[in-house]
Visitor: 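Got a structure for you, written out below as structure tokens; questions coming shortly.
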Amino acid sequence: MTTTAASTDPARLTGDDLRDQVRDAARRSRRAAAGPAQATRADKDALLHAMADELVSRSAEVLAANERDVAAAREAGTPEALVDRLRLDADRIAGMAGGLRTVAGLPDPVGEVVRGDVLANGLQLQQVRVPLGVVGIVYEGRPNVTADAAGLAVKAGNAVLLRGSSSAERSNTALVAVLSEVAVAHGFAADTIQLLPCHDRATVQHLITARGLVDIVIPRGGAGLISAVVEQATVPTIETGVGNCHVYVDASADVDTALRILLNSKTRRPSVCNSAETVLVHRDIAAEFLPRALAELASAGVTVHGDESVQAVGGSNVVPAVDEDWDAEYLSLDIAARVVESLPAAIEHIREHGSGHTEAIVTTDVRSSRRFAAQVDAAAVAVNASTAFTDGAEFGMGAEIGISTQKLHARGPMGLPELTSTKWLTFGDGHVRPGS
């Protein structure tokens, strides 16, 4: 099938041949995009349910491919946090299938009337949602993105070009084979879901400069990948930023609540972008909160990169913080920690070092929570809740295409509406515009 052959071509094309291969895949995607764009909700939902069922029934096939990717990553000395992002198991495949089923149950955004009016002259106007067309996704590591992106893109009426990392090549190839075969069985073109070659970085460059063939590109991954795509793309791009997320423990915080939220934000799954990377503690609660927090973080295996006030409390897991720690997205069992003088000082720290992803406050003071929510500039603000909730599934989207940290078109977890554009429909009855 075309979909998988592109990623496993033994010739491993380079140069102009590789560019031509990517552009040809994009052209096929444009032709294939007519299928989901014109499909009924019932047809798209049936496809997603069938994809979910097939993923579960062929999970052994997918897991076998993933085991080879994981073994190769470990042999190459890949950090365990990145191996965790790569690894699949039965529960994660069930989660992928569950995400597809949830997306199937969501309203179809295509055709939704965003706004409309009847002008004084009787002309009727409607702004309606329409598919974007061909969506390119560039991502690293996590093969669950393959299923999430495919399901969301198709439900929103699009064709999708997937460019995963070489570390997940076998996993992604197996997943796309399953998804594409189901699509064909349901009357959609095989090229509705395509996997691009992943062994040459030039593939990304060819994808993000295929203006006129690809309608939008969404990068998911580390800061280097995202910056490269945003800065070099000629195709419109939605920036999904890194997650330097903060938990601020206010002076009025309930200590037990703050500990639960901090531990969950940091340790639930430290390798993902909604993991907390810095904890800020108000000076008035530091003496009560820090000894317990440092002890619990130590028990969880977390290394704390602390300022002088945190170091003074001590602990076998505390190391001196350096300037780079305040901007770090560790994606590991590390966290930076600082004592701040006030709520405004915490907000200022976040303004200087935050990445615009998710910021959390733990407080019992309503005024503090309102001020934090109003003044912190981020895609998501959590009040007395873990940063881990910034997730498409948790927000009721079933899955997500990424967490956008930009401010145009989409911000925060991106689900179905964010994978559409709009067009204006004008309904007249022989209306003509009078001369000026």
Visitor: Is the number of heavy atoms from other residues, nucleotides or ligands under 6.0 Å of Arg370 CZ greater than 12?
Guide: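 Count not over threshold, so no.
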Visitor: Sequence neighbours left out, cut at 3.5 Å: what donor-acceptor pairs do the side chains of residues 284-293 make with other protein atoms?
Guide:
unit_1: Arg292; atom_1: NH1; unit_2: Asp256; atom_2: OD1; d: 3.1
unit_1: Arg292; atom_1: NH2; unit_2: Asp256; atom_2: OD1; d: 2.8

Visitor: Between Arg41 and Asp108, is there a side-chain N and carboxylate O pair less than 4.0 Å apart?
Guide: no
Visitor: Apply ring pair (Phe, Tyr, Trp, His ring centres under 6.0 Å) to residues His246 and His349 and explain how you reach the verdict.
Guide: CA-CA 10 Å; His246 298 72; His349 177 101; 5.4 Å; yes
Visitor: Drop me the distance from Ile226's CD1 to Thr237's OG1, to the nearest 0.5 angstrom.
Guide: 11.5 Å
Visitor: So, for Ala321 and Trp326, which heavy atoms are closest and what is the spacing to 0.1 Å?
Guide: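 Reported closest heavy-atom pair: CB-CZ2, 3.8 Å.
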Visitor: List the steps, then state whether side-chain contact (heavy atoms from CB on, under 4.5 Å) holds for Lys155 with Leu48.
Guide: CA-CA 8 Å; Lys155 175 70 181 256; Leu48 294 180; 3.9 Å; yes
Visitor: Nearest heavy-atom pair of Ala90 and Leu63: which atoms, and what distance?
Guide: N-CD1, 4.2 Å
Visitor: Is any NZ, NE, NH1 or NH2 atom of the basic residue among Lys266 and Asp334 found under 4.0 Å from an Asp or Glu carboxylate oxygen of the other?
Guide: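 Result for this pair is no, no salt bridge flagged.
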Visitor: Heavy atoms only: give me the nearest Ala26-Leu213 pair and the separation to one decimal.
Guide: CB-CB, 3.8 Å
Visitor: Identify whether the distance between the nearest side-chain nitrogen and carboxylate oxygen of Arg92 and Asp84 falls below 4.0 Å.
Guide: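 Salt bridge: yes.
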Visitor: Check the pair Leu416 / Met397 against side-chain contact (heavy atoms from CB on, under 4.5 Å), numbers first and verdict last.
Guide: CA-CA 8 Å; Leu416 293 172; Met397 299 174 181; over 6 Å; no
Visitor: Less than 4.0 angstrom from a charged side-chain N to a carboxylate O is my criterion; do Glu67 and Arg87 meet it?
Guide: no
Visitor: Please walk me through it: do Leu161 and Val214 pass side-chain contact (heavy atoms from CB on, under 4.5 Å)?
Guide: CA-CA 9 Å; Leu161 287 169; Val214 177; 4.0 Å; yes
Visitor: Taking 4.0 angstrom as the limit, do Glu169 and Arg68 come out as a salt bridge?
Guide: no
Visitor: Restricting to non-hydrogen atoms, name the atom on Leu263 and the atom on Ala300 that form the minimum distance, rounded to 0.1 Å.
Guide: CD1-CB, 4.0 Å
Visitor: State whether Asp53 and Arg101 are salt-bridged, where the test is any N-O pair (Lys NZ or Arg NE/NH1/NH2 against Asp/Glu carboxylate O) under 4.0 Å.
Guide: yes
Visitor: Would you find a donor on one side and an acceptor on the other, under 3.5 Å apart, between the side chain of Asp215 and the backbone of Val134?
Guide: yes
Visitor: By salt bridge (charged side-chain N to carboxylate O under 4.0 Å, His left out), which residues pair with Asp377, not counting sequence neighbours?
Guide: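 Expected list: Lys407, Arg411.
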Visitor: Could you tell me whether Arg351 atom CZ has more than 12 heavy atoms of other residues or ligands within 6.0 Å of it?
Guide: yes
Visitor: Take Arg338 and Val310 through the test side-chain contact (heavy atoms from CB on, under 4.5 Å) and record every step on the way to the result.
Guide: CA-CA 7 Å; Arg338 168 174 277 178; Val310 175; 5.8 Å; no
